[in-house]
Structure formats: C-alpha cells, structure tokens
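Below, read A as the first sequence line, B as the second, and so on, with proteins coming before strands; counting in each chain starts at 1.
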Amino acid sequence: MSQPEMIAATNFIRNMIIQQREAGQQQKVITRFPPEPNGFLHIGHAKSICLNFGIAKEFGGDCHLRFDDTNPEKESQAFIDAIKEDVNWLGFEWTGEVRFASDYFEQLFDWAVDLINNGKAYVCELNAEQMREYRGTLTEPGTNSPFRERSIEENLAEFNKMRAGDYPNGAKVLRAKIDMTAPNINLRDPILYRIRHQEHHQTGNKWCIYPSYDFTHGQSDAIEGISHSLCTLEFEDHRPLYEWFLNNLPVPTKPVQTEFARLNINYTVTSKRKLKLLVDEGVVKGWDDPRMPTISGLRRRGYTPKSLRDFCDMIGVNRSGGVVDIGMLHFALRSDLEHSAKRAMLVLNPIKVVITNWEEGREEMLSSPSHPAREELGERTLPFTKELYIDSNDFMEEPPKKFFRLAPGQEVRLRNAWVIRCDEVIKDAAGNIIELRCSHDPDTLGKNPEGRKVKGVIHWVSATHGLPAEVRLYDNLFQVESPDSDKDVDFLEHLSADSLSVVEAIAEPSLATAQAEDRFQFERVGYFCADRYDHQPGTKLVFNRTVSLKDTWAKIQKKQG
RNA sequence: UGGGGUAUAGCCAAGUGGUAAGGCAGCUGGUUUUGGUCCAGCCAUCCGGGGGUUCAAAUCCUCCUACCCCAGCCA
C-alpha cells in the first residue's frame, strides 16, 4: 500500500453513479464540499473531502468548494483561509473560484419572495419560546401560527421591512407554509430567514436578515448545477425539505441529496463543537495543536496527506456508522512513512557509554544510507567517538530472557557501527547507573562477528557530536475509547493527563539541517516531524512524535508479565 | 409513544437469490545491522433474533430486538 495510491474501495455512492450511467443518465458529475467557516476542518471532513473530490475525479467531473456561510455570528475569514489551506494540503483542487452561499443571497431573497407570492411562506412574529410550543413534540403534532394566514401583500411588506432593518434581532422570521402536523419536524413550517444585525465576513453590512441552512443549501446546489449533493446522515430528515424547495422554486437544476455515515474514531472526538471547546478551554494550544484530530493538527503532528487519503479509502463509505479503531489511522500513517521518511538516530533517554578500547580523541566518520531500501535518498555521516549515548531502555542490569540488548557481559550491535560488549557498570553514590564501560570488536564494522551471533541492534549518538533536541511526545488526548458516549459524564472528564510530554533528547548531527515539517523515522523509536512553527534548523531542533514504531518487544514483555 | 435510519468476525468493510472479498488487530513461522519493514500461513459452517418463501437466502416476505438521528431564529 505504500507506493501506489490504494485502489479506491467500492461504495454505494460510486455504485449508484455507475448504475445511473449504465441507465443512460449521462449527466456530468458535479459535487461540492460545503464547510461552514466556523472552525477548523477535522478528520471527519477529510472523509467528506476525499469522497466528494474523489467521486468527481473518478467520473471526470467537477468538485466545488463552497462555504456555507449563512450564520455570520460564528464565522470568520480566518476559518475560511485555514479551510482552503487544509483542502489544498490534503491534495485537492476545487473547480473554479471558491464559492460562497452568500454569493446567492440576492437570488435566495428573490426566491423567498416567490414563495410568499405563491402563498407558501409567511412572516411570523412568534418569539423563540412560542415557536417551540407551537412546534409540538416528537410525538405530538404542532399547531398553526396565528400569523400563518396573513395576506400576501402583508407578508411582502413585512419581509421587505425585515430586510430594510426595521426590526430588531429575533422580532420576526420568514417561514415556509408546509404542514404543522407533519411527523417530520423539519416540515413544520421551517424558518427561512431570521433577523441578525450582524456584519458578514463576505457581504459586510449589506444584509441584516440571513437565510437558514435549509433554505440555502439545496438552492445553492441547484445554482451551481450540483449533480450529487453528498452529506452526512443527520441531514436525512432534511431531504424532504431540500426537495420541497427545489420543487416549489424555479431553480435551474434539480440536485439529489444522498447521505452517508459520518466518521467516528475511538480515543478522540470528531465534533466541531467539542473541538472548539478544547480550544476555548485551553485544553490544547489551538485548533492546530498536534493532539487535535483537525487536519492542521494532524499535519503539525506529522501526518502526510497521503496517509489521510489512504485512511479514508480504507474505512469506506456507507450508511452504517460505526467506530473506526484509531489503530487503522496509525497503520495508514506508518505505511506511508515507512516508505517516505528518512532514517536518523536520536536518543530519548540518554545513558553514557564509554568505549574503553577506543583511542582518546579518535573520530571515525561512518556513513549510512538515509533509507534502508531507497538508495536515491542518499546517505548521512555518523561520527563515532569514544563517548556515546544509548537509550537507557536498551540496557538492563538484570535482563529477562530474550532481552537482545545490552547487559553486563552481553554483546549488542550499535546500528551502522561496531558490536560492543558491556564490561562494567558505573554507578553514583545513590546507586544510579551513570556510565557503561564497553569494548568494541574492531572486526565487526559492516560484518558479523566471527563464531557468534549478535542478535540485538541498538541506536546511539556520539556524545561529542550529538545535538540537543526538544522532543514532544504526543499520545491520545483521551484515555477512554468513547469519550463522548457517556451522557452523564462530560467528555472533558476523560482527558488523558499525559497526552504530551516534552523531553530533551540527543540527536545525530545530520539532523541539524532538518527543515520545519521534515519527517524522519528515528530508528527503533518512531516517526517524528520537525515542528512546523517552533523548529529552527541548526538553532533549535524541535521534533514532534507523529507515531511510535510497532513495538513487538513491549508486547512480549507484557506477556511475560 | 411520532418520523427517519442502521445491524456481516474484536474493529472497518464487500456482497443486491447460487452457497461469506479485502483491510486493521491478533496468532504461527521465515528474512533482517531497526524486536521496524518485508514474506508465507492461520483467523465467520456463518451474516442482530424467530418464523416463512425457494431446488437454493446475508440477499425475498414477516414478526421481533438493539443501537443511532430529529422538538436551534446552528449547520
């Protein structure tokens, strides 16, 4: 899976389009990705993006980027900019200019007037609370608004006054006249326009009334000639309304809405509302905090666009929303990084090793490929000196069975260098190990030792050439599988205490030239990414742990108890 | 209790009347100067449950159960 883009899995939407084509309905496929600019995009949006852009690409069609900007109170230009960047970064390009539902406000207004003229819409003066009471409940029908039978002339006059700014926020709304007894609550005279004296990021102060989602979305699709309007399952109940507008308005085309299940992943949340809360509460440092499942957070963490696309292909598209194991996301990530990331060595928890049979001051410049299977990625130089650092996890004074690493009297291979044996363990007064005195076998560089097998290989960094590096170790934000499934416990209660720990590590010298966002596999440790903002080449090295390597040894240890 | 949906392995997911794809995870071995990668093999007599139709059912009918969404002037 690492090299060729994964073959896109089949899904019911693709099948539907294929069937439509076989049936001779040769319409051009035009989809759209319609985010509201009220927050950052997350992994769930990535699924929708891959679907919409993927479908368009596969069938030789177009995919528009359209901001569903009908609620200026919650939206901003900053979110628009971030969303555009995320879509591009994921590897997609929309057809034509970026579009805005607000581009269609004038047309929408005219259509609302059409509805009034046809006796299908009216201005209602019920306040929010009354409106709720008149709406009825899930099991009881609603009752007609006392304003329902106003004359067309009066409705027209009132609606124009609404637009003119004659009324304060919330004073009146324009509603469709459908059926207050409909079992589907969305059909109980839904709101078309509400009064909001609020500057809009695109239209400025031109409007003080704004159309609702329902009155905007389908018609925007129709204006753009969208053939397949794909959205998530919670809009299924809105489809009759979506169609009602298309059937009662002189729209140029008749798009069809199809719903699919939204993405859920365990150990995280994929709800813009909850992610916003994490940001607002200061739980994370921003929408693009590397712990966030936002696209920009994943990017900063070190995820590749390809890994996200592959993941979306892997999980499929259907209508039976389940919960995807985050392990699948990690799998998609590791498969891509295994192929694309250069290798390097970095010691997280240093312990000093002195090579006793190495002459004082001698430096050997070893060379090692940047990738074990990709010569074209070049080589880097590894200075070998008398004093080195290895990871303290790679040494045990009293090793258990099958511990292939360093232990007193035991031999181990230093990756890309010689085999060494631990001869002596030096401790301080408190009994802490402060140094390992080892001897190297000079006849083992690039070849196996004579007459014996050394199975273990550990990574190391020269103590005299190693570079200090700040390493940010990230883990799941939540410590339970479904942080938001418990109705009685707030999801913030499930936050993990150690989703981030910062350690000072020692990096091999070649890492001095790493650029921000460069990704590496620190051998035997994991995949890391130079921080997009804080990393300064040659000055301040900052690496984010994207994901660890699979750790079979940890698994064995667990089994052994 | 109204309306709309969904149920295939621990997880994701194909399948649309002809006898259960694939992936993740897991388990066995092999290769390996990353306990990584890679390679080989194993992993649903069964498709939420009960009836029924049929030579034949995960696929059709029927009853039942569980779970999800809807009562914002949010999207």
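Annotation: salt bridge (charged side-chain N to carboxylate O under 4.0 Å, His left out) contacts of A:Arg452 (sequence neighbours excluded): A:Glu411, A:Asp441. A:Arg132 meets the salt bridge (charged side-chain N to carboxylate O under 4.0 Å, His left out) test with no other residue; sequence neighbours excluded. With sequence neighbours excluded, no residue forms a ring-ring contact (aromatic ring centres under 6.0 Å, His included) with A:Tyr242. Evaluation of the salt bridge (charged side-chain N to carboxylate O under 4.0 Å, His left out) rule for A:Arg545 yields no partner, not counting sequence neighbours. When the salt bridge (charged side-chain N to carboxylate O under 4.0 Å, His left out) test is applied to A:Glu140, no partner is found at least two apart in sequence or on another chain. Listed by chain and number, the residues in a ring-ring contact (aromatic ring centres under 6.0 Å, His included) with A:Tyr122 amount to none (sequence neighbours excluded).
Checked against B:U34, B:C27, B:G5, the side chain of A:Leu549 finds its nearest nucleotide in B:U34. Counting only heavy atoms from C-beta on, A:Glu523 has its side chain closest to B:U34 among B:A75, B:U34, B:G26. Listed nucleotides: B:C74, B:C12, B:C73. Nearest to the side chain of A:Ile315: B:C12.
Using modelled atom types, one finds no donor on one side chain facing an acceptor on the other under 3.5 Å when comparing A:Gln77 with A:His201. A:Ser48 and A:Asn52 share a side-chain donor-acceptor pair at under 3.5 Å.
Residue side chain A:Asn184 does not reach the base of B:G4 through any donor-acceptor N/O pair under 3.5 Å, judged by distance alone. The base of B:U1 lies outside donor-acceptor range of the side chain of A:Glu140, with no N or O pair under 3.5 Å. Between the side chain of A:His330 and the base of B:A25, no donor-acceptor pair of N or O atoms lies under 3.5 Å. One N or O donor and one acceptor, one from the side chain of A:Arg196 and one from the base of B:C73, sit under 3.5 Å apart. Scanning atom types as modelled, one donor and one acceptor separated by under 3.5 angstrom connect the side chain of A:Arg413 and the base of B:U33.
The list of salt bridge (charged side-chain N to carboxylate O under 4.0 Å, His left out) pairs with a residue in residues 257-271 of chain A, not counting sequence neighbours, reads A:Glu234-A:Arg262, A:Arg239-A:Glu259, A:Glu259-A:Arg319.
Across all strands shown, A:Pro35 has no heavy atoms under 4.0 Å from either base or sugar-phosphate atoms. Within the 4.0 angstrom heavy-atom criterion, only backbone atoms of the sugar-phosphate kind lie near A:Asn71; the bases stay farther away. Residue contacts for A:Asn264: at a heavy-atom cut-off of 4.0 Å it reaches no nucleic acid atom on any strand shown.
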Distances for protein N or O near nucleotides 17-22 of chain B N or O, under 3.5 Å:
none

If you restrict it to nitrogen or oxygen atoms, what contacts under 3.5 Å exist between nucleotides 38-42 of chain B and the protein, and what is each distance?
none

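B:G50 and B:A25 have their P atoms separated by 33 Å, given to the nearest Å.
To the nearest angstrom, P of B:C68 lies 20 Å from CD of A:Glu259.
With a 3.5 Å ceiling on both atom-pair distances, B:A20 lacks any Watson-Crick or G-U wobble partner.
Nucleotide B:G72 carries a syn base; the chi torsion (O4'-C1'-N9-C4 or O4'-C1'-N1-C2) is within 90° of 0.
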